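Step one of this worksheet: look at the structure below.
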Amino acid sequence: MNQPANAASARTVTLIRGDGIGPEIADAVCSIFDAAGVPIVWDEANAGLDVFEATGTPLPESVLQSIATNGVALKGPTTTPIGTGHKSVNVTIRKALDLFANVRPSRSLPSVSTRFEDVDLIIVRENIEDTYGGIEHCQTPDVHQGLKLITRPGSLAVHRYAFEMARREGRKKVTCVHKANIHKLTDGLFLECFRQVAPEYPEIEADDLLIDNTCMQLVSDPTRFDVIVTLNLFGDILSDLCAGLVGGLGVAPGGNIGAGRAVFEAVHGSAPDIAGKGLANPTALLLSGVQMLRYLGLMSHASRIEAGLRRSLIDHVHTRDLGGNATTDEFASAVISNLPAPDASSQADAEAPEPINVGKTGPVVVSDENWECIGADMFVRNDGLPDMPKEVGPLKLSMISNRGTKVYPGPTPDILLVDHHRCRYLSETPITEADVRALIQAVGDKYAWMHIEKLHRDSAGERMFSRAQGE
Ligand code: ATP
């Protein structure tokens with residue numbers, strides 16, 4: 001690959017080609033960047049399935065080091081095996097480098113026929129927490145558990161980022177998407193943080209919407225949305241939905257942003273069904289590259305490449321996913337031949353804009369000094385209702401639930417029961433560590449227990465834990 005003419009002042013960027021269609025679309029993007037004379041030197045560092053098969057690890061430490069050193073990476077897709085196999089490379093990179101905001105724009109493209117014409121929205125997805133913490137356990141062979149972790153510092157950071165980005169890009173509205181009517185504590189905290197941050201940006205309208213309603217509204221009228229900030233899993237799903245609104249996964253770009261570093265990658269995966277056939281649409285990775293150029297302050301290069309891309313689409317050079325028959329290489333050649341002549345403004349591209357800095361909110365935002373431990377949920381394994389001790393010291397058995405539905409006290413509801421019971425012990429007064437140890441001893445003498453959760457109330461006497469269905 002050619003190095004840019006002004007290589008001395010060029011920015012070094014990590015390039016991860018990835019696997020599946022990754023190498024094909026990365027080649028296409030690199031050839032367009034070369035032809036456009038973008039002042040970037042690639043530092044190649046590969047990751048993904050092929051690297052896993054060759055070395056036993058899908059993400060060598062040297063790749064993370066390269067991104068940390070260069071501060072910016074362009075990444076092709078990497079395969080994440082379903083159900084078993086190695087960990088997701090994408091998720092590992094985001095966590096290792098604390099890339100806490102995933103910014104995924106969805107904009108209508110010319111000559112790409114879709115149901116709506118004027119889609120222009122940006123999803124800001126929290127990128128680290130939620131069920132993506134990967135904290136999963138097999139509690140019994142029949143009952144597997146995954147923890148949904150939502151933190152106040154993490155939520156504040158992504159909300160601040162969303163509002164700062166909205167302000168910088170002149171956006172009018174930020175909508176927080178959640179399921180706080182069901183996930184009252186986790187999504188409730190995410191929404192509470194949104195409501196705390198929003199008033200700091202009085203010029204930007206702020207509202208919130210349930211995830212299910214959001215899906216319905218998006219497919220009815222996506223133009224009512226501007227910026228969406230949401231939790232990790234909802235953001236993952238909504239981005240694919242929004243990709244569908246503007247032409248599919250082949251055209252949906254994204255950037256993972258952290259403090260002083262960023263990794264740009266398409267929304268789509270490695271598409272093994274079309275890998276190696278020259279059918280892949282490089283638009284999503286190219287637009288991710290354009291997003292990266294703007295992040296680096298290379299505005300005129302970004303606009304020029306975007307113009308070449310739009311012209312090619314208007315000329316109906318479409319890959320198969322968009323209903324055409326252009327190959328990946330033909331598409332890249334079309335973009336190159338449609339690049340407008342460079343203008344003088346490319347000289348003015350030296351300075352990158354100040355990165356959006358939302359700061360570290362710190363590990364503890366709200367003190368728990370007024371919290372009191374008043375009980376514990378013990379999870380025990382048994383076929384059928386366990387005969388739990390009714391009292392252990394100050395703790396009284398108050399409730400047993402199965403799959404979240406109360407089965408004790410009172411008549412057992414006519415529901416499917418599994419060998420996994422949550423046994424709730426509560427005390428009128430605060431309990432001590434010794435009380436908890438006594439509970440573990442008393443329960444452990446009778447049943448196998450899997451885990452225990454302490455239960456707290458705050459200074460106002462408010463319960464800091466959820467109730468079971470029917471409790
Ligand atoms: P992941 O969970 O890793 O994101 P996924 O399950 O969303 O992956 P993809 O690999 O993104 O799956 O592919 C989904 C579908 O979209 C496949 O049929 C694939 O061929 C198609 N697709 C994805 N990316 C492209 C692309 N760049 N060009 C054309 N088709 C694509």
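For ligands, and for the atoms within them, numbers begin at 1 and follow the listed sequence. Just so you know, these numbers come straight off a predicted model, no measurement behind them.
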task = Could you check atom 25 (C) of ligand 1 against the protein and tell me its nearest heavy-atom contact, residue, atom and distance included?
result = I21 CD1, 4.0 Å
ask   = Is N181 atom CG crowded by more than 12 heavy atoms from other residues, nucleotides or ligands, each under 6.0 Å away?
value = yes
Electrostatic pair K454-D377, nearest N-O below 4.0 angstrom = no
request  = Compute the centroid of each ring, for F163 and then for F194, and state whether the two points are separated by less than 6.0 Å.
outcome  = yes
request  = Under 4.0 Å from a heavy atom of G250: give me the atoms of ligand 1 that qualify, with their elements.
outcome  = 26 (C), 27 (N)
inquiry  = Is there a polar contact, in the sense of an N or O pair closer than 3.5 Å, between T80 and ligand 1?
reply    = no
Ligand 1 N/O within reach of N281 N/O, cut-off under 3.5 Å = yes
request  = May I ask whether A284 has any heavy atom positioned less than 4.0 angstrom from an atom of ligand 1?
outcome  = no
query = How far is atom 16 (O) of ligand 1 from its nearest protein heavy atom, and which residue and atom name does that atom have?
reply = L249 CD1, 3.7 Å
Structural part of S270 in contact with ligand 1, heavy atom criterion under 4.0 angstrom = backbone
ask   = Can you name the one residue among T175, V246, L238, L218 that meets side-chain contact (heavy atoms from CB on, under 4.5 Å) with L121?
value = L218
inquiry  = Pairs of nitrogen or oxygen atoms closer than 3.5 Å, one from G269 and one from ligand 1: do any exist?
reply    = yes
message = Strictly inside 4.0 angstrom of atom 20 (O) of ligand 1, do you find any protein heavy atom?
response = yes
query = When you measure from atom 7 (O) of ligand 1 to every protein heavy atom, which one gives the shortest distance, and what is it?
reply = D240 OD2, 4.0 Å
key: Close-contact set for ligand 1 against A280 heavy atoms, below 4.0 Å   = 28 (N)
task = Step through it carefully: locate the ring centre of H318, locate the ring centre of F331, and say whether they are under 6.0 Å apart.
result = no
request  = Any chance you could lay out the salt bridge (charged side-chain N to carboxylate O under 4.0 Å, His left out) test for E205 and K172, step after step, and finish with the verdict?
outcome  = CA-CA 6 Å; E205 189 188 337; K172 302 274 178 294; over 6 Å; no
task = Taking only Lys NZ, Arg NE, NH1 and NH2, and the carboxylate oxygens of Asp or Glu, determine whether D187 and K148 approach each other closer than 4.0 Å.
result = yes
query = Is atom 11 (O) of ligand 1 close to the protein, meaning a heavy atom under 4.0 Å from it?
reply = yes
inquiry  = Does the protein place a non-hydrogen atom closer than 4.0 angstrom to atom 5 (P) of ligand 1?
reply    = no
ask   = With a 4.0 Å heavy-atom cut-off (strictly under), which part of L285 contacts ligand 1: side chain, backbone, both or neither?
value = neither
Which residue and heavy atom of the protein sit nearest atom 30 (N) of ligand 1, plus the separation = I274 CD1, 3.5 Å
ask   = With a 6.0 Å cut-off on ring centres, are H178 and F234 close enough?
value = no
ask   = Quick one: does NZ or CZ of R125 land under 6.0 Å from the six-membered ring centre of Y132, within 45 degrees of the ring axis?
value = yes
query = What atoms in ligand 1 come closer than 4.0 Å to a heavy atom of H268?
reply = 11 (O), 23 (C), 24 (N), 27 (N)
ask   = Under 4.0 Å between a Lys/Arg side-chain N and an Asp/Glu carboxylate O for R160 and E200?
value = yes
ask   = Can you find an N or O of A271 that's nearer than 3.5 Å to an N or O of ligand 1?
value = yes
key: Any donor-acceptor N/O pair, N281 side chain to L322 backbone, under 3.5 Å   = no
ask   = D273 to ligand 1: N or O pair under 3.5 Å?
value = yes
